[in-house]
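To find a chain, count down the sequence lines: A is the first, B the second, and so on, and within it residues start at 1.
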Protein chains: 2
Amino acid sequence: MDSKKFEKFFSALSSPLRLQMVLLMARRSFCVCELEGVFDVTQPAISQNLRILKDTDLISEKREKQWVFYSTNKEMLDSALKEFLKIVEAEDTFSEIVGLKLSDLPHDPQRSCEILENRKKEVLKNN
Amino acid sequence: MDSKKFEKFFSALSSPLRLQMVLLMARRSFCVCELEGVFDVTQPAISQNLRILKDTDLISEKREKQWVFYSTNKEMLDSALKEFLKIVEAEDTFSEIVGLKLSDLPHDPQRSCEILENRKKEVLKNN
DNA sequence: AAAGATCATAAGTATATGCTAATATGCTTA
DNA sequence: TAAGCATATTAGCATATACTTATGATCTTT
């Protein structure tokens with residue numbers, strides 16, 4: 001499971017400006033100067049945020065004459081969110097994070113906390 | 001459309017630690033001291049991040065004896081993401097952001113940029 | 001090739017974020 | 001009610017983020 005991919009993905013959508021941009025560009029493609037007219041930030045700010053969105057594949061660009069048109073990758077957005085929901089439900093996500101099978105961790109905090117603390121110390125020792 | 005709700009939501013999931021926590025607590029509930037044993041941060045950091053997750057309704061808490069057990073609201077997670085996908089597809093999302101109907105904005109950048117710039121100036125004037 | 005327009009990049013700065021250490025609160029049980 | 005845990009809160013600090021201004025690169029058209 002590539003957890004970093006989702007961190008970047010959610011991070012890209014956590015900004016008011018970028019979220020609005022993504023919603024806008026889901027309807028149709030926009031060039032930078034159009035976006036400049038919609039939002040109250042300078043052109044470099046638009047470009048920088050477009051880059052962040054592009055780095056997560058949330059948008060694509062298409063050069064046309066002197067303009068660069070950006071549009072939201074709706075299929076990607078859809079599949080990424082659905083993939084995330086699958087990971088939430090996946091059986092092995094637990095052990096990938098904890099390093100223990102779910103069944104090997106007792107429900108009693110008094111015991112489970114001790115087990116986890118010991119594991120932590122061992123991991124630290126091996127570094 | 002409550003855009004701020006999704007900003008907070010995505011922001012909550014944009015941290016490595018919180019993302020892992022959410023995935024973990026989707027499998028079963030955890031008390032703070034267990035989480036402390038899983039992750040390499042101090043107890044206050046755990047508590048602070050739990051609070052952020054709780055503020056977005058991504059997790060719920062349940063007191064039991066001296067412990068507080070946290071677990072992921074999977075239904076909420078699921079419905080929020082699906083609601084977001086609906087907003088991406090919604091017809092009126094565009095005009096809510098731009099203040100213009102999609103059909104009122106020509107595809108030609110030369111004209112659309114001018115229209116948008118003028119709109120912006122008018123809005124600034126009324127403030 | 002020069003000028004004008006569109007977009008990208010870089011440097012600088014203010015604010016937000018995420019941690020730690022210290023401390024407070026609250027619950028449980030003797 | 002006092003002691004002992006478990007958890008929450010606060011203050012402080014280092015880093016990350018998100019802008020602005022200034023500048024650079026690219027493309028079009030004359």
Checklist entry - Tell me: CG of Leu53(A) to C1' of dT17(D), nearest whole Å? => result 14 Å
Checklist outcome for this item: Whole-Å distance, Gln66(B) CD to dG26(C) P, equals 16 Å
Checklist entry - Which part of the nucleic acid, if any, lies within reach of Pro109(B) when heavy atoms closer than 4.0 Å are counted: base, sugar-phosphate only, or nothing? => result nothing
Item to check | Angle by which the axis turns from one end of the helix from dA1(C)-dT30(D) to dA30(C)-dT1(D) to the other, five pairs per end, to 10 degrees | outcome: 30°
Item to check | Side chains of Lys5(B) and Glu7(B) in contact at under 4.5 Å (non-hydrogen atoms) | outcome: no
Checklist outcome for this item: In short, salt bridge (Lys or Arg N to Asp or Glu O under 4.0 Å) pairs touching residues 14-39 of chain A with sequence neighbours left out are Arg27(A)-Glu91(B), Arg28(A)-Glu34(A)
Checklist entry - Looking at the side chain of Lys65(B), which of dA8(D), dA8(C), dT28(C) is the nearest nucleotide? => result dT28(C)
Item to check | Atom-pair distance (CH2 on Trp67(A); C1' on dA5(C)), nearest Å | outcome: 9 Å
Checklist outcome for this item: Side-chain atoms of Ala45(B) come closest, of dC7(C), dT20(D), dT20(C), to dT20(C)
Next on the checklist: Please determine whether any donor N or O and acceptor N or O are separated by less than 3.5 Å between the side chain of Gln48(B) and the base of dT20(C).
Outcome noted: yes
Checklist entry - Between Arg51(B) and dA8(D), is there a side-chain N or O to OP1/OP2 distance below 4.0 Å? => result no
Item to check | Asp78(A) side-chain N/O to Lys74(A) backbone N/O, donor-acceptor pair under 3.5 Å | outcome: no
Checklist entry - Under 6.0 Å between ring centres, would you say that holds for Phe10(A) and Phe9(B)? => result no
Checklist entry - Are the side chain of Thr72(B) and the backbone of Ala26(B) linked by a donor-acceptor contact shorter than 3.5 Å? => result yes
Next on the checklist: So does Phe39(A) get a backbone contact from the side chain of Lys120(B), meaning a donor-acceptor N/O pair under 3.5 Å?
Outcome noted: yes
Next on the checklist: If I take atom CZ in residue Arg18(A) and atom C1' in nucleotide dA16(C), what distance separates them, rounded to the nearest angstrom?
Outcome noted: 13 Å
Checklist outcome for this item: Comparing nearest nucleotides in DNA chain D, the 5'-proximal residue of the pair Thr42(A), Glu61(B) is Glu61(B)
Item to check | Any N/O donor-acceptor pair, Gln43(A) side-chain to dA8(C) base, under 3.5 Å | outcome: yes
Checklist entry - Which is true for Leu17(A) with a 4.0 Å heavy-atom rule: it touches a base, it touches only sugar-phosphate, or it touches nothing? => result sugar-phosphate
Item to check | Distance, rounded to the nearest Å, where Glu7(B) contributes CD and dA16(C) contributes P | outcome: 14 Å
Checklist entry - With ring centroids as reference points, do Phe6(B) and Phe84(B) lie under 6.0 angstrom apart? => result yes
Item to check | Listed nucleotide nearest any side-chain atom of Pro44(A), set dC7(C), dT21(D), dA22(C) | outcome: dT21(D)
Next on the checklist: Output the rounded distance in Å from CG (Asn49(A)) to P (dC19(D)).
Outcome noted: 5 Å
Item to check | Interatomic distance, Phe30(B) CZ vs dA6(D) C1' [rounded to whole Å] | outcome: 17 Å
Next on the checklist: Of the options dT9(D), dC19(D), dA6(D), whose atoms approach the side-chain atoms of Val41(A) most closely?
Outcome noted: dC19(D)
Checklist entry - What nucleic acid atoms does Tyr70(B) come within less than 4.0 Å of, heavy atoms only: base, sugar-phosphate, or nothing? => result sugar-phosphate
Next on the checklist: Within the supplied structure, the quantity of interest is the number of heavy atoms (other residues, nucleotides, ligands) at a distance under 6.0 Å from Gln43(B) CD; does it exceed 12?
Outcome noted: yes
Checklist entry - Which part of the nucleic acid, if any, lies within reach of Ile46(A) when heavy atoms closer than 4.0 Å are counted: base, sugar-phosphate only, or nothing? => result nothing
Checklist outcome for this item: Glu64(B) atom CD is separated from dC27(C) atom P, nearest whole Å, by 15 Å
Item to check | Pairwise 5' ranking along DNA chain C for Ser14(B) and Gln110(B), keeping only the more 5' one | outcome: Gln110(B)
